[in-house]
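Letters go in sequence order (proteins before strands), and every chain restarts at 1.
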Amino acid sequence: MARPRATAEFKSKILTESFMAKIVRIEALGQSQEQTVTVQGWLADKTDKGKLQFLRVRDGTGVIQATLFHKSVSPEAFEAAKHAPQESSVRVTGQVRAEPRAPGGYELSVTEFEIVQAARDEYPITPKEHGIEFLMAHRHLWLRSSRQHAILRIRATIIQATRHWLDTNGFLLVDTPILTPAAVEGTTTLFETDFYGEPAFLTQSGQLYNEANAMAFGKVYCFGPTFRAEKSKTRRHLSEFWMVEPEWAFGTLDDYMNVAEQMVSHVAQTVLKERAAELAVLERDTTCLEKIVAPFPRISYDEAVEIIRAKGDANFKWGDDFGAPDETLISEQFDRPVFVHHYPTAMKAFYMAPDPQRPEVCLSADLLAPEGYGEVIGGGQRSDNLEYLEAQLEKHHLPRAPYEWYLDLRKYGSVPHCGFGLGVERTVAWLCKLDHVRETISFPRMMDKMYP
RNA sequence: UCCGCGAUAGCUCAAUCGGCAGAGCAUGCGGCUGUUAACCGCAGGGUUCAAGGUUCAAGUCCUUGUCGCGGAGCCA
């Protein structure tokens with residue numbers, strides 16, 4: 001018994017000395033200069049110079065160039081590195097040195113190299129160009145690339161900044177259900193599912209439940225996934241996307257626009273400040289982002305129609321919805337996001353409050369992002385009038401029974417209230433200036449696309 | 001759902017008028033002590049999306065289908 005035990009202890013000591021240097025994440029390597037540390041990650045890329053190899057190791061927090069000199073590591077380790085395929089998982093130990101020739105400014109002079117797993121097949125995604133179809137089919141691997149890292153880090157910051165702003169401005173997070181008994185707005189296509197034998201639908205908005213929560217808590221927001229079964233194949237549509245929806249009691253159309261522009265400004269400025277490196281990876285022109293500061297210009301639907309008639313479609317009919325080119329045209333008139341308010345009542349959801357002075361338009365507003373990104377926010381003041389909503393349900397051919405609870409909110413202390421929904425993916429696409437929202441979420445769900 | 005374009009090596013693409021299936025990258029082997037999407041040499045790699053048709057001959061022309069991309073509508 002004594003001998004094997006001693007052997008185990010001996011092995012353990014060797015491991016401690018040779019492989020178990022302090023494990024450091026790449027983003028923190030600058031604080032370990034001249035120290036010997038271990039980095040755990042994946043072999044992103046490699047350049048073989050004969051008796052010198054450059055390994056670029058990625059650990060999720062960054063990429064570090066590791067140099068292996070033939071004389072500095074064991075012959076076995078050197079040979080193993082030479083034959084390690086791309087994306088093999090590795091553990092490298094070496095001294096951290098400032099090195100101007102290395103990308104990132106730091107380099108690891110390797111003394112120990114260990115392969116956790118040698119990649120078993122040729123890694124499909126090479127440093128060269130690929131088509132979008134191929135990349136989407138390999139989305140699970142594409143996420144390892146620097147561009148996707150930058151986008152998803154910015155997404156995380158956008159979400160964090162949004163929630164932080166709401167949390168510190170009196171809004172309470174009260175999430176709303178994802179399984180719902182009926183269409184919230186009754187217009188768009190919903191994904192149907194089976195709820196104990198009864199039809200149920202994946203939510204397309206937390207809107208109506210938000211109103212109940214606002215009457216209970218004053219200022220609330222929900223943050224969650226939203227589902228639309230529309231057969232839309234465009235650069236701005238996903239079947240599953242995330243939306244943040246603030247809603248508050250005693251709020252008006254103007255209050256909504258004030259809150260939304262403050263929130264969006266905070267988010268944009270936070271990204272600018274905290275994600276400069278990621279914006280640089282994406283080659284984002286940040287002067288456009290610097291301009292995203294409240295107040296935002298506000299124009300009425302009527303004025304927007306005038307712009308379209310003057311600079312685009314001269315025959316644009318009052319009452320029509322804006323198409324993508326129309327939205328682009330309107331947003332091009334301004335260097336920051338623009339609110340378009342007082343849309344025709346007939347165009348908007350049944351619960352929007354009509355303008356008392358002019359009932360053919362309602363107290364709604366959309367926020368159009370610049371650079372052609374279109375509508376990133378939709379919202380407005382909700383009707384607080386029981387009789388009006390009853391009439392609206394009828395007009396929109398919606399059954400009353402599923403909305404009884406919603407009508408109750410107008411019976412027990414009804415107050416003016418407002419809210420809005422911000423599309424997370426569109427906001428990410430805009431702030432990152434991406435061609436398509438499919439890159440703004442780790443695994444996009446699009447029409448007829450569920451793999452991976 | 002509608003309109004347009006496309007599908008050839010693992011990837012990105014080429015192939016003239018219908019006449020021998022090609023390149024770069026990737027991969028494998030060899031060389032190189034400062035590479036940055038390295039470089040040099042050698043090698044392997046194809047059901048040309050599917051089914052049918054025209055033809056002496058089809059990657060190429062015709063028909064149908066499948067899938068993808070771009071745009072529109074609808075929306076955040």
Side-chain angles (χ1 to χ4, degrees), chain A residues 44-56 63-72 78 82-83 85-87 97 99-105 107 109 119 121-138 141-142 145-146 184-185 187-190 203-207 224-245 260 320-327 347-349 366-369 373-379 420-430 435-438 440-441 446-449 451:
Chain A
D45 196 13
K46 182 171 66 171
T47 303
D48 184 354
K49 283 279 296 162
K51 294 215 164 55
L52 165 61
Q53 296 179 71
F54 297 97
L55 312 181
R56 275 171 287 280
V63 178
I64 182 75
Q65 173 162 284
T67 53
L68 262 83
F69 286 95
H70 186 253
K71 62 179 185 196
S72 305
F78 194 82
K82 210 179 188 70
H83 296 285
Q86 190 186 355
E87 287 302 320
R97 292 188 301 105
E99 170 56 71
R101 286 173 293 184
E107 195 173 77
S109 296
D121 284 313
E122 185 184 330
Y123 188 66
I125 300 178
T126 67
K128 294 281 179 173
E129 68 210 86
H130 295 286
I132 190 66
E133 182 183 358
F134 179 81
L135 289 170
M136 288 302 292
H138 294 85
L141 303 176
W142 190 20
S145 71
S146 60
V184 166
E185 296 173 23
T187 51
T188 31
T189 325
L190 301 176
T203 183
Q204 61 173 338
S205 167
Q207 161 63 33
T226 305
F227 307 87
R228 304 272 166 99
E230 292 151 359
K231 302 219 175 221
S232 304
K233 280 182 71 169
T234 82
R235 60 180 62 185
R236 347 173 155 182
H237 284 87
L238 294 173
S239 303
E240 176 184 298
F241 63 97
W242 288 67
M243 193 153 66
V244 55
E245 296 177 274
D320 281 354
D321 208 346
F322 304 134
D326 303 322
E327 283 186 355
M347 246 175 64
K348 290 290 180 182
D366 289 349
L367 183 69
L368 305 184
Y373 283 94
E375 186 183 345
V376 289
I377 286 180
F420 65 95
L422 175 139
V424 170
E425 286 74 16
R426 284 190 183 176
T427 303
V428 176
W430 163 39
D435 294 338
H436 201 294
V437 290
R438 63 189 157 210
T440 63
I441 187 165
M446 296 184 294
M447 191 170 91
D448 295 330
K449 213 188 275 288
Y451 181 91

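On a pure distance criterion of 3.5 Å, no polar donor-acceptor pair joins the side chain of A/Ser232 and the base of B/C75. For B/C74, the base has no donor-acceptor partner in the side chain of A/Arg236 [N/O atoms by modelled type, under 3.5 angstrom]. A donor-acceptor contact under 3.5 angstrom links the side-chain atoms of A/Gln65 to the base of B/U35.
The distance between atom CG of A/Leu68 and atom P of B/G34, rounded to the nearest whole Å, is 15 Å. For the pair A/Lys46 NZ and B/G34 C1', the interatomic distance rounds to 17 Å; values are reported in whole Å. Following rounding to the nearest Å, A/Lys233 (NZ) and B/G70 (C1') show an atom-to-atom distance of 9 Å. The distance from atom CG of A/Asp320 to atom C1' of B/C75 is 16 Å, rounded to the nearest whole Å.
For the ring pair (Phe, Tyr, Trp, His ring centres under 6.0 Å) test, residues two or more places apart in sequence or in another chain that qualify with A/Phe78 are A/His70. Applying the ring pair (Phe, Tyr, Trp, His ring centres under 6.0 Å) rule to A/Phe134 yields the partners A/His130, A/His138; only residues at least two apart in sequence or on another chain are considered.
With B/C75, B/C32, B/A72 as the choices, the nucleotide that has an atom nearest any side-chain atom of A/Thr234 turns out to be B/A72. The side chain of A/Met243 lies closest to B/A76 when the candidates are B/A76, B/G34, B/A37. Side-chain atoms of A/His436 lie closest to B/G70 of the nucleotides B/C32, B/G70, B/U1. In the set B/G70, B/C29, B/G34, B/G34 carries the atom at the smallest distance from any side-chain atom of A/Glu107. Among the nucleotides B/U36, B/C75, B/C69, the one closest to any side-chain atom of A/Pro103 is B/U36. With distances taken from any side-chain atom of A/Arg101 to the nucleotides B/U1, B/C75, B/U35, the minimum falls on B/U35. The side chain of A/Pro325 approaches B/G73 more closely than any other nucleotide in the set B/G73, B/A76, B/U33. Of the candidates B/C75, B/A72, B/U36, the closest approach to any side-chain atom of A/His237 belongs to B/C75. Residue A/Ile132 places its side chain closer to B/C69 than to any other of B/G70, B/C69, B/G73.
The closest donor-acceptor contact from the side chain of A/Ser205 to the backbone of A/Gln207 lies under 3.5 Å. No donor-acceptor pair under 3.5 Å is formed between the side chain of A/Lys82 and the backbone N or O of A/Gln53. A side-chain donor-acceptor contact under 3.5 Å links A/Glu245 to the backbone of A/Gly206. Put simply, the side chain of A/Glu99 gets close to the backbone of A/Arg101: a donor and an acceptor are under 3.5 Å apart.
As the counterpart of B/A51, B/U63 is assigned, both hydrogen-bonding distances of the Watson-Crick or G-U wobble pattern falling under 3.5 Å. The partner of B/C75 cannot be assigned: no Watson-Crick or G-U wobble pair with both contacts below 3.5 Å exists in any strand. For B/A38, there is no paired nucleotide, since no Watson-Crick or G-U wobble pair has both relevant distances below 3.5 Å. Base pairing of B/G46 is not made with any nucleotide, judged by Watson-Crick or G-U wobble geometry with both donor-acceptor distances under 3.5 Å. Pairing for B/G68 goes to B/C5, judged as Watson-Crick or G-U wobble with the two contacts each under 3.5 Å. Under the Watson-Crick and G-U wobble criteria, each requiring two contacts below 3.5 Å, nucleotide B/U33 is left unpaired. For B/C11, the paired nucleotide is B/G24, the pair qualifying as Watson-Crick or G-U wobble because both relevant distances are below 3.5 Å.
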Nucleotide-resolved protein contact map, nucleotides 3-11 of chain B, B/S/- at heavy-atom distance under 4.0 Å: --------S
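The nearest heavy atom of RNA chain B to A/Met447 and to A/Lys348 marks one nucleotide each, and the one closer to the 5' end goes with A/Met447. If A/Val424 and A/Asp435 are placed on RNA chain B by their nearest nucleotide, the residue sitting closer to the 5' end is A/Asp435.
An aromatic stack links A/Phe241 and the base of B/A76, using centre distance under 5.5 Å and interplanar angle under 30°.
The residue A/His138 sits apart from the nucleic acid: no heavy atom pair falls under 4.0 Å.
Taking 4.0 angstrom as the limit, A/Lys449 places a side-chain polar atom (N or O) nearer than this to OP1 or OP2 of B/C69. Taking only side-chain nitrogens and oxygens, A/Arg438 comes nearer than 4.0 Å to OP1 or OP2 of B/G70.
Inter-residue side-chain proximity for A/Ile132 and A/Arg438 is flagged as met; some heavy-atom pair is nearer than 4.5 Å.
To the nearest whole angstrom, the two P atoms, one in B/A38 and one in B/G4, are 42 Å apart.
Checking A/Thr440 against A/Arg426 by side-chain atom types alone, no donor-acceptor pair falls below 3.5 Å.
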